[in-house]
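Have a look at the structure below before the remarks.
Note that ligands are numbered from 1 as they come in the structure, with each ligand's atoms numbered from 1 the same way.
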Amino acid sequence: MQFNSRKHLYLKLQRQHMYKHRNMGIISKLLVLILIIGFSACTQESDQTNNLKLWYTQPATDWQSEALPIGNGFVGAMFFGGVHIEQIQFSEGTLWSGGPGSGKEYNYGVKKDAWKYLAEVRRLLDEGKMEAAHALANKELTGAMHKEAGSKYSFGNYGAQQTMGDLFIEVKHKGKVTDYTRELDIENAEGRVNYTIGDVDYSRTYFGSYPAKTMVYQFESTKATEYSLAYKTPHTKSKETFSNSTYSFQGFVADNGMQFETCLKFETDGTIVFKDGKITVSGAKHVNIYHVAATDYIGSYPSYNGNNYVVANKKVLQNIEGQSYDELRASHREDYSELFNRVQLDLGENKIDTLATDARLYAYAEGKTDAGLEELYFQYSRYLMIAASRPGGMPMHLQGKWNNSTNPAWACDYHMNINQQMLYWATEVTNLSECHTPLFDYMETLVKPGRITAKEFFNTRGWTVNTMNNPFGYTSPGWRFPWGFYPAGAGWLCQHLWEHYEFTQDNQFLEQTAYPMMKEAALFWIDYLIEDENGYLVSAPSYSPEHGGISRGASMDHQIAWDLLNNCIAASEILDIDKDFRNEAVNIRDKISPPTIGSWGQLQEWKEDVDDPESKHRHVSHLFALHPGKQISLHKTPELAEAAKVSLNARGDEGTGWSLAWKTNFWARLKDGDRAYKLYRRLLFPATIKGERLMGQGSGTFSNLFCAHPPFQLDGNMGGAAGITEMLLQSHTGTLEILPALPSVWKTGSVKGLKARGGFEVDIKWSNGMLQQVEIKSEKDSVCKVRHKEIEQEIRLKAGEKVMLTY
Ligand code: FUC
């Protein structure tokens, strides 16, 4: 509909241009018409109202797989929708155990002068004494983590992300429940619970407001009702008060003393009484609860505390004073939809949206086509990103902002050898650039401790971060190898800085934020790489993420160093600075050991040709150059792309949640749409049915559409969304490739509002598997290269100008 009406308008403005077409043979078969269609803002309306909901006919009983997430960028909450007792579990991004407050043993993981053992490890590697090299590295180059004997906490003084607690809201009613629904409307970012008992209707509405920095829960009934609310937390209470209809709980995390406060402000037509730690509201047709939370954490080395959390909460509450529930809801919706509505996806007619989401997932697993579910998963990732990652807040961790434990899997931390990066793969391309900001702010806090890590473990300049990272500056290698050694973490993170620039063309960001961090991360590699007997620069020692043994060196390290230096060179050219550094970077980049094809046609994971064709390991790190890197592509390096295909085929089509998502992206970059789609479908396979794990591993998707590693990890959701975009639009080679890997099952469809590198916004429409129309809008005056199949064109665009290509 949108396309037709706008086309009508644009026809008046049309101006036909002749452009240079490469490959004229194809042109004769495919007519490409280019229309300049004026200057226009992106479309904000959505066409897909009914499909953008997760809904269920029963309350959740399991947090991880059934409860539904809401968030405001700072707090993540999960609601269960119980009829008699509602449970709202919540966590705040900065609440952690471990770190400086946990005792003098905590030292950011640093082992002073550990680098003194580097030369010996390298000598052993030169002599091919791999076991001895590993033993020494594992003893001397590991980071320090202290854990008391018998501690039930897996990560000792490294700490872990913490739940802040649960609200239990008892609703005092009796009788048979009918017409129960529990839903998450991702078009409006609102959770709802509705049911009827007798002739009384009950409804609840939940949302997280970013502009108000508040979580909002509303309980309504058509007859006056009584409620009783209790807050339960695993942390220690220091003070509990209730005044002016506002409950405050101040407490601290036992092991490090981190202080926090959670406040609940009530607004009701009933009567409120606070007694014995419980808040009772009686005679109420409505109860509105405004929930705010803060901690004393600040992202600043070395102490990481000092935030006046009580004052911070007070300010937030003062700010919403005088705003009605409806006003808060309206400002939330406005804020959310400005971001969410930027992208619309339509993958065709087949949509089973008459089934509840859990049943829908099972139907899909039985082989039903459901383009609507595939769209929903994509848009849900965008919803989750907006709920979890907003300027001013912490970046998403392994579970985004949703953690219900004091001892979560992998500390619910920042994992830098794939997970943290994958969490943000979809951000730019799905037009949510602003949501990238928390990652960049966080990276800035890593530079100071990361410099110490670079110095003490590697004797280099620059900064780095290894596999596991907490928000208290633990940038050291992990405490055991192979998993813990990964100094490439910073280099990979820096790819996000560069990509943010590429997508937004924001020169100020490049100059002030991105380039300084990129350059310092590059200094690490300039110093760390050593020359081998063939004159190549190699990373030694190195481990390919969590796979195989110690090496001289792991291909991923080389590819990341190449990517980083390459981006630094481009950035310094754009900024016209640092000529000497640039020349050095060019020299180093060109000497780095290049991607190599091994004995069975595979892309080598290590410099040594030792890949095991039987390995099904989840990490496919040596394909970084294919995705998310750009060193290998079908067009520019076809032989290497072929080798990547051989490696990928050997690894197979199974894996943990995020691994399936990564493979989706790989196959899309290899332009095999059907294979990418197969992986995407596999990602959406239900992980459990009624608590029972499926497919052995249980990887896939839970009923609440959270990605199952298992356990729940948000990276797979985001990686899956990125995979969809890679099938529809690619721009990493400097050319906008339209429908590079369209699966045959998506016969007719459209996508609007995707972003491409170079500052372009792209709308695509296809029918019967054939591209019909592309609209491209440019941020700035530029020349845009566009390719569809073998047709390549160059189009000149002015800032704000929009062009339509019809095929
Ligand atoms: C990486 C992976 C694991 C898991 C963990 C959080 O180390 O190897 O599979 O996802 O991160």
Is there a polar contact between ligand 1 and [X], counting only N or O atoms under 3.5 Å apart?
X      : result
His619 : yes
Trp410 : no
Asp715 : no

Distance (rounded to the nearest 0.5 Å) between Ser65 OG and Asn704 CG:
6.0 Å
Taking the ring centre of each residue, are Trp492 and Phe624 less than 6.0 Å apart?
yes
Pair Tyr528 + Phe458: ring centers closer than 6.0 Å:
yes
min-distance protein heavy atom vs atom 7 (O) of ligand 1 -> Glu546 OE2, 2.2 Å
Test applied, side-chain hydrogen bond (donor to acceptor under 3.5 Å, both in side chains); reference residue, Asp653; option that passes from Lys663, Lys616, Arg681, Arg675
Arg675
Mind checking whether Leu398 contacts ligand 1 via backbone (N, CA, C, O), side chain (CB onward), both or neither, at a 4.0 Å heavy-atom cut-off?
side chain
Heavy atom under 4.0 Å from ligand 1: found in Trp658's side chain, backbone, both, or neither?
side chain
Take the angle between the ring planes of His547 and His617 and call it parallel below 30°, perpendicular above 60°, tilted in between.
parallel
pair Leu565-Ile592: side-chain heavy atoms closer than 4.5 Å:
yes
Under a 4.0 angstrom heavy-atom cut-off, which atoms of ligand 1 come close to His709?
3 (C), 4 (C), 9 (O), 10 (O)
